[in-house]
Amino acid sequence: MKPVVPNLELLLYKAQVLLAQDENFVAAVNAKKESKQFFSLDFVVEVFPQMWGSTCTGFDVMPDGSPAMSGCAMTEAYTTIIHERQTDCYVVFFGDRACYKVENANQAFFDDKQRQDMASLSVAKKRY
């Protein structure tokens, strides 16, 4: 089965809503505004297909930390990474759902991004 191509305008909107509700992001934006005469948010979008070993894709844990239930089947889904360049914040989507946010991205994040093999939610919490 072919993965559904993501609606990038919708994902960008979802990322902006998610970031607008994040206290750390809002504080970073306010700090940048105070230090610059002119400031505007600057988003870059990167999309690539990624293969997963189960139907849960990167959503391998529930919000409460319990394991997610899924089927055992090779599943291809598009991974979308939205980077806000002024604050250096990343939002990672699998399919059409935001999975996690990365602030202060480390080398492991950039290595995975370059290989186009992003970590699942449970791994990303520890790795990035």
To the nearest 0.5 Å, what is the distance between OG on S40 and CD on Q86?
6.0 Å
Give every residue pair that meets the salt bridge (charged side-chain N to carboxylate O under 4.0 Å, His left out) criterion with at least one member in residues 5-20, sequence neighbours excluded.
none
In one Ile/Leu/Val/Met/Phe/Trp/Tyr side-chain cluster, 4.5 Å: V5, L12:
yes
Using every non-hydrogen atom in the two residues, find where A124 and A119 come nearest and quote the distance to one decimal.
N-CB, 3.9 Å
Apply side chain to side chain contact (heavy atoms under 4.5 Å, CB included) to K33 and list each qualifying residue two or more places apart in sequence or on a separate chain.
V29, N30, F39
Listing request: all side-chain hydrogen bond (donor to acceptor under 3.5 Å, both in side chains) pairs with a residue in residues 93-115, at least two apart in sequence or in separate chains.
D22-K101, E46-K113, K101-E103, Q107-D111, D112-R115, D112-R127, D112-Y128
Quick check: do V102 and C89 have side-chain heavy atoms less than 4.5 Å from each other?
no
Quick one, L11 and V45 - any side-chain contact, counting heavy atoms below 4.5 Å?
no
Give the C-alpha distance, both sets of side-chain angles, the deciding distance and a yes or no for side chain to side chain contact (heavy atoms under 4.5 Å, CB included) between W52 and S120.
CA-CA 9 Å; W52 297 92; S120 65; 4.0 Å; yes
Within one Ile-Leu-Val-Met-Phe-Trp-Tyr cluster: F43 and V17, side-chain cutoff 4.5 Å
no
Closest approach of Y78 to P49 (non-hydrogen atoms, all atoms of both residues)
CD2-N, 3.8 Å
Side chains of Q50 and D117: closer than 4.5 Å at any heavy-atom pair?
yes
Do F93 and L8 sit in the same hydrophobic cluster, where Ile, Leu, Val, Met, Phe, Trp and Tyr count as joined when their side-chain heavy atoms come under 4.5 Å apart?
yes
Taking the side chain as everything from C-beta on, heavy atoms only, tell me whether F94 gets closer than 4.5 Å to M118.
yes
Flag yes if Y13 and L18 sit in one hydrophobic cluster, no otherwise; membership is Ile, Leu, Val, Met, Phe, Trp, Tyr, and two members link when side-chain heavy atoms are under 4.5 Å apart.
no
Looking only at heavy atoms, what is the nearest atom pair of G95 and A77, with distance?
N-CB, 4.4 Å
Nearest 0.5 Å, please: how far is CD in Q16 from CD in Q21?
12.0 Å
Would you check if N24 and V26 make a side-chain contact, meaning some heavy-atom pair closer than 4.5 Å?
no
For F109 together with Y90, are the ring centres under 6.0 Å from each other?
yes
State, with a plain yes or no, whether a side-chain heavy atom of V92 is found less than 4.5 Å away from one of T79.
yes
Taking atom types as modelled and ignoring hydrogens, do the side chains of H83 and D42 form a donor-acceptor contact shorter than 3.5 angstrom?
no
The reported gap from CG in L19 to OG1 in T87 (rounded to nearest 0.5 angstrom) is 7.0 Å
